[in-house]
Enquirer: 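A single structure is presented below for examination.
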2 protein chains.
Amino acid sequence: MRSAGAPRFRRRKADRPGEIVAAALAAFAEKGFAAARLEEIAARAGVSKGALYLYFATKQDLFRAVVEQAIAPNMEVVRAMIAAHPGPFSELLRLVPERIATLLETLPVGGVLKMVIGEAGNFPELARVWHDRLVAHALGALCDAVAAAQARGEVKAGDPRTYALQLVSPLLISVIWRETFEPVGAAAFDVQAVARQHMQTMLSGMLTQEAPP
Amino acid sequence: MRSAGAPRFRRRKADRPGEIVAAALAAFAEKGFAAARLEEIAARAGVSKGALYLYFATKQDLFRAVVEQAIAPNMEVVRAMIAAHPGPFSELLRLVPERIATLLETLPVGGVLKMVIGEAGNFPELARVWHDRLVAHALGALCDAVAAAQARGEVKAGDPRTYALQLVSPLLISVIWRETFEPVGAAAFDVQAVARQHMQTMLSGMLTQEAPP
DNA sequence: CAGGTAACTGACCGGTCAGTCAGTAATACG
DNA sequence: CGTATTACTGACTGACCGGTCAGTTACCTG
């Protein structure tokens, strides 16, 4: 006995997985793995809890899918970054950080980062996926760029992997800061501004001679 | 009917809270708030679960106490850092990072950091305590030192708060890296080495003139 | 417009765990 | 030594939540 024309649900097998993963990403990023409720994820995705299990075997499986999805677009970014700048190191440093900063502000990297850090202890294989498929690639690429610049005599001696770490750390901490302390009333860091100043500092700290203007 | 001289437990009201908090710190740092079991914390502290409730009203209360305790020794570190180096900025930068690195390796800062980042969304008031009582002080002190050095003409123009962020970020990321990716087989960063190289880079990046040897 | 298929629902189950409390035993004290 | 006090124990409870499944309903096909 239901009013005509308003079906209780629609059958949309193709779209469900994506919608569910998107809802799960939001929930996990907000609350972390353990505290996120499947019931709530289902509600956000506009389905019942049971429907989740038509597409994902377990909560961990869903988490895995979320991490995978959160990786894919970022990987593309990394690849693009490498491909675009074979030129002199000073030029790379001038362009890349701002681009990264923009992406960190656009994609929900902060939430995912928080999640990976927070749950790494309990779900090591997810930390492994995140590391092997994304972090290692990105760091490796940056590392190679630094090493190449050193070989060309542009950059001072020093461990290239550590240089890579130095380059990205303030941006990552800015994002973590935003997720952790801003909701609590702490003053924000403007990721763009941090990127600019850090680039400036690192340029004059790493280069063997003053960069051309 | 129990063998003589071996009491089932001792009454040690004074020592219990400290022991329980220490056990809880270890458990929370290892597993995070939600995944840590009160039963296990009690066992580590050598008491039954019921005993926890003689000293702490709820699990959250215990978490609060852990955060508070984890703050205290670090606060002392911050104060010492400020007090010890009114001298020229280059000298401060030469000594402080290595000292910080040592402390990051000694105290269980990594676990606590992970915990605060991971649970900030679910327990905002704890992030607030951590920020107001520790992070803000530390960052503020470093910020003041930078600003003073700028006033003396030692350090280039730029936002001092951002400079402070740049200075500490790689060390923090190193520690987070250790907690997150090393257990999964990722290559480690030697925090000491990172501290040395970063100090070097930042020195020549921030100072208005080459530092005296 | 049947009849069949499978996407979807939602009440339910079993396990887990924070929190309780009646009882027990260690100590303080007279 | 006896007795009062209270730190402490551990079996228990109630709520919650991941996961299940019998039933329901949208949609497809002839």
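Values reported hereafter were calculated over all heavy atoms of this structure, with side chains retained and with hydrogens, waters and symmetry mates removed. The structure displayed is predicted, hence computed values, not measured ones.
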Enquirer: Please give, in whole Å, the distance from C:dT5 P to A:Lys13 NZ?
Expert: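 Whole-Å distance recorded here is 15 Å.
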Enquirer: Using whole Å, what does the distance between atom P of nucleotide D:dC8 and atom CZ of B:Arg12 come to?
Expert: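 Checked: the CZ to P distance equals 8 Å.
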Enquirer: Please check the phosphate of C:dT5 (OP1 and OP2 only) for any side-chain N or O of A:Arg11 closer than 4.0 Å.
Expert: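 So the side chain of A:Arg11 is outside the cut-off, no N or O lying under 4.0 Å from OP1 or OP2 of C:dT5.
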Enquirer: Considering only distance and modelled atom types, tabulate donor-acceptor pairs under 3.5 Å from the side chains of residues 44-58 of chain A, sequence neighbours left out.
Expert:
unit_1	atom_1	unit_2	atom_2	d
A:Arg44	NE	A:Glu40	OE2	2.9
A:Arg44	NH2	A:Glu30	OE1	3.3
A:Arg44	NH2	A:Glu40	OE2	2.9
A:Thr58	OG1	A:Gln60	N	3.4
A:Thr58	OG1	A:Asp61	N	3.1

Enquirer: Please state how far atom CG in A:Leu52 lies from atom P in C:dG10, giving the value in whole angstrom units.
Expert: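 Computing the A:Leu52:CG to C:dG10:P distance gives 13 Å.
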Enquirer: Tell me whether the side-chain N/O atoms of A:Arg8 come closer than 4.0 Å to OP1 or OP2 in C:dG10.
Expert: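 Yes, because at least one side-chain N or O of A:Arg8 sits under 4.0 Å from OP1 or OP2 of C:dG10.
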Enquirer: Among all residues two or more places apart in sequence or in another chain, which pass the side-chain hydrogen bond (donor to acceptor under 3.5 Å, both in side chains) test with B:Arg64?
Expert: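 Only B:Glu125 meet the side-chain hydrogen bond (donor to acceptor under 3.5 Å, both in side chains) criterion with B:Arg64.
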Enquirer: Please say which of A:Val191, A:Ile100, A:Val175 ends up in a side-chain contact (heavy atoms from CB on, under 4.5 Å) with A:Glu105.
Expert: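 Going through A:Val191, A:Ile100, A:Val175 one by one, the side-chain contact (heavy atoms from CB on, under 4.5 Å) with A:Glu105 is satisfied by A:Val191 alone.
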Enquirer: Not counting sequence neighbours, list each pair that qualifies as a ring-ring contact (aromatic ring centres under 6.0 Å, His included) and has a residue in residues 92-112 of chain A.
Expert: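 As it turns out, there is no ring-ring contact (aromatic ring centres under 6.0 Å, His included) pair with a partner in residues 92-112 of chain A once direct neighbours are skipped.
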Enquirer: C:dT24, C:dA7, D:dA26: which one has an atom nearest the side-chain heavy atoms of A:Leu54?
Expert: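 Nearest nucleotide to the side chain: C:dA7.
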Enquirer: Among C:dA26, C:dC8, D:dC27, which nucleotide has an atom closest to any side-chain atom of A:Arg16?
Expert: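 Nearest to the side chain of A:Arg16 among the choices is C:dC8.
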Enquirer: Applying side chain to side chain donor-acceptor pair (under 3.5 Å) as the test, list every pair that has at least one member in residues 174-185 of chain B; sequence neighbours left out.
Expert: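 Counting only pairs at least two positions apart or across chains, no side chain to side chain donor-acceptor pair (under 3.5 Å) contact touches residues 174-185 of chain B.
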Enquirer: Just the rounded figure in Å: distance from P of D:dA7 to CD1 of B:Ile20.
Expert: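 Computing the B:Ile20:CD1 to D:dA7:P distance gives 12 Å.
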Enquirer: Between P on D:dT24 and CZ on A:Phe9, what's the gap in Å once rounded to a whole number?
Expert: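 From A:Phe9 CZ to D:dT24 P: 12 Å.
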Enquirer: Please check the phosphate of C:dA7 (OP1 and OP2 only) for any side-chain N or O of A:Tyr55 closer than 4.0 Å.
Expert: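 Checking A:Tyr55 against C:dA7: no side-chain N or O falls below 4.0 Å of OP1 or OP2.
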Enquirer: Under 3.5 Å, which protein N or O atoms sit close to an N or O of nucleotides 17-21 of chain D? Give each pair with its distance.
Expert:
unit_1	atom_1	unit_2	atom_2	d
D:dC17	OP1	A:Arg37	NE	3.0
D:dG18	OP1	A:Ala36	O	3.4
D:dG18	OP1	A:Arg37	NH1	3.0
D:dG18	OP1	A:Lys59	NZ	3.2
D:dG18	OP2	A:Leu38	N	3.3
D:dG18	N7	A:Lys49	NZ	2.9
D:dG19	OP2	A:Tyr53	OH	3.0
D:dG19	OP2	A:Lys59	N	2.9
D:dG19	O5'	A:Tyr53	OH	3.3
D:dG19	N7	A:Lys49	NZ	3.1
D:dG19	O6	A:Lys49	NZ	2.6

Enquirer: Taking only distance into account, with no hydrogens and no angle test, what donor-acceptor pairs under 3.5 Å do side-chain atoms of residues 15-23 of chain A form with protein atoms, sequence neighbours excluded?
Expert:
unit_1	atom_1	unit_2	atom_2	d
A:Arg16	NH2	A:Arg10	O	2.8
A:Glu19	OE1	A:Arg12	NH2	3.3
A:Glu19	OE2	A:Arg12	NH2	2.3

